[in-house]
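For reference, positions follow the sequence shown, starting with 1. Here the structure is a predicted model, which is why all the values come from computation and not from measurement.
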Amino acid sequence: MLFTHRAEAGERLADALRHLKGEDPVVLGLPRGGVPVAYRVARALGAPLDVVVVRKLGVPHHRELGFGAIGEGGVRVVSEDIVRVSRLGPQDIASVEHAEAAELARQAARFRGDRPRVPLDGRTVIVVDDGIATGATAAAACEVVRAQGAARVVLAVPVAPPDAVARLGSAADEVVCLATPHAFRAVGEWYQDFSQTPDEEVVFLLARAAADPAGRPPVRAVEVEVDAGGTVLVGDLALPEGAGAVVVFAHGSGSGRRSPRNRSVAADLNRAGLATLLLDLLTPDEEGDRANVFDIETLARRLAGATAWLRRREFLPAGWFGASTGAAAALWAAGETGADIGAVVSRGGRPDLAGERLAVVRAPTLLIVGGRDSTVLDLNRRAQRELRCENRLEIVPGATHLFEEPGALDEVARLAGDWFTRHLVPQ
């Protein structure tokens with residue numbers, strides 16, 4: 001598998017598209033599966049997000065063969081060669097167009113609601129899908145976007161067969177594809193989770209993107225080497241201009257720094273004006289031994305050391321965001337005598353593993369658990385009874401352990417952002 005799910009694919013695709021950030025692009029997702037990928041790209045580039053609704057015009061007796069495509073705004077692209085070879089008359093063409101235009105209008109209204117289409121005139125437009133098989137729909141989308149006024153069209157996908165990428169070079173000004181495996185049969189076989197994207201998720205992500213406040217602070221992102229109490233750890237430090245506090249992410253394995261979930265939450269915190277430091281509390285050699293993941297005392301010591309290093313560098317109030325055993329490490333460290341930490345947030349964590357330390361934690365603590373993560377929810381309820389500091393347990397309805405359901409991770413980010421802002425940023 002190349003990708004865990006569409007969100008991770010979007011994060012990785014965004015890294016490959018950062019050279020376009022200075023062009024003030026518009027990002028368009030092909031519904032449905034392309035929208036979760038496009039959402040991550042748009043967030044990383046600080047670009048507006050919309051859908052490109054395209055309907056292929058199929059030859060009546062051979063629907064797979066397209067003689068053209070239509071898009072919003074009355075855009076119509078027709079191949080006269082295919083019309084001639086297929087012997088299509090005006091009535092045939094009009095009948096197909098009428099049916100597809102009705103479906104196009106229905107989809108556009110369903111996905112976008114009453115929001116206007118993002119104008120493309122003179123803009124660089126990035127068309128994003130979750131992958132390409134034949135490339136017919138992607139090619140039609142590029143043609144439609146160009147007809148809608150785009151000055152430059154970039155097609156971006158995580159995975160596609162090499163021959164399709166070669167063909168699409170004539171439809172787009174630039175094609176960005178992360179992987180072109182020769183043994184290609186279907187897009188879904190390159191994802192661990194390629195479950196169908198429901199309409200509701202598309203609607204939610206578009207609305208979420210549209211609601212993002214304008215004028216977000218610019219963020220300076222750097223890779224740093226952190227002295228975590230004698231152990232050097234590599235981290236990703238993101239510093240929004242004028243940040244009022246910093247949040248250090250704690251995770252018990254090497255997935256912490258690269259986790260698409262942590263990176264998504266961190267990006268939301270950056271938009272709220274909070275700096276973030278993502279790092280792995282274990283070295284690559286150490287994480288191979290599963291026992292190290294549960295060495296809470298060592299993880300806590302390194303978290304405290306990394307935070308001390310960061311404070312010497314940035315002079316900002318600090319909070320901790322912990323997932324899994326990282327949450328236990330954060331609470332263990334917060335229970336140390338003289339611990340100077342402003343707030344702790346646990347996402348689907350194991351605070352129970354902090355044991356007797358829970359009773360001496362003084363930092364305000366927020367526990368976030370998915371409503372369908374029953375075992376971890378029970379462990380968090382037990383841990384909450386041991387806490388003597390200001391604390392709250394928030395349950396995200398319908399969410400499982402990884403918060404992969406539509407809107408679940410965004411709710412985690414909202415809750416965490418509110419908690420950290422309230423307790424870390426001077427009012």
- Task: Look at Arg414 together with Asp268 and state whether they make a salt bridge at an N to O cut-off of under 4.0 Å.
- Result: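 Salt bridge absent between Arg414 and Asp268.
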
- Ion pair present between Glu143 and Arg76, side-chain N to carboxylate O less than 4.0 angstrom?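 Salt bridge: no.
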
Tell me whether [X] contacts the main-chain N or O of [Y] through its side chain, where contact means a donor paired with an acceptor under 3.5 Å.
| X | Y | value |
| --- | --- | --- |
| Asn380 | Val376 | yes |
| Asp280 | Leu282 | no |
| Ser324 | Gly326 | no |
| Asn262 | Ala266 | no |

For the atom pair [atom1] ([X]) and [atom2] ([Y]), what is the distance rounded to the nearest 0.5 Å?
| X | Y | atom1 | atom2 | result |
| --- | --- | --- | --- | --- |
| Leu2 | Tyr191 | CG | OH | 9.0 Å |
| Arg350 | Thr375 | CZ | OG1 | 9.5 Å |
| His251 | Leu278 | NE2 | CG | 10.5 Å |
| Leu120 | Leu28 | CG | CG | 5.5 Å |
| Leu379 | Asp352 | CG | CG | 4.5 Å |
| Asp129 | Arg6 | CG | CZ | 9.0 Å |

- Query: Going by distance alone, is a donor N or O of one side chain under 3.5 Å from an acceptor N or O of the other, for Asp285 and Thr283?
  - Reply: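 Looking only at side-chain atoms, Thr283 and Asp285 do not form any donor-acceptor pair under 3.5 Å.
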
- Is the closest side-chain donor-acceptor distance between Thr298 and Asn292 under 3.5 Å?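 No donor-acceptor contact under 3.5 Å links the two side chains.
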
- Query: So do Arg18 and Asp15 actually touch side chain to side chain, heavy atoms under 4.5 Å?
  - Reply: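 Asp15 vs Arg18: side chains touch.
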
- Item | Asp130 side chain near Val157 side chain, heavy-atom distance below 4.5 Å |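 They are not in side-chain contact.
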
- Task: Kindly determine whether Glu394 and Arg392 satisfy salt bridge (charged side-chain N to carboxylate O under 4.0 Å, His left out), including the steps that lead there.
- Result: CA-CA 6 Å; Glu394 288 282 358; Arg392 195 164 81 222; 2.9 Å; yes

- Nearest heavy-atom neighbours spanning Ala318 and Ile341: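 Answer, listing the atom of Ala318 first, then Ile341: O-CD1, 3.3 Å.
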
- Task: Report the relative orientation of the aromatic rings in Phe420 and Phe321; use parallel for angles under 30°, tilted for 30 to 60°, perpendicular for over 60°.
- Result: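 The arrangement is tilted - the two ring planes meet at 30° to 60°.
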
- Query: Is Arg347 positioned over the aromatic face of Phe403, cation under 6.0 angstrom from the ring centre and no more than 45 degrees off axis?
  - Reply: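 Negative - Arg347 is either too far from the ring of Phe403 or too far off its axis.
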
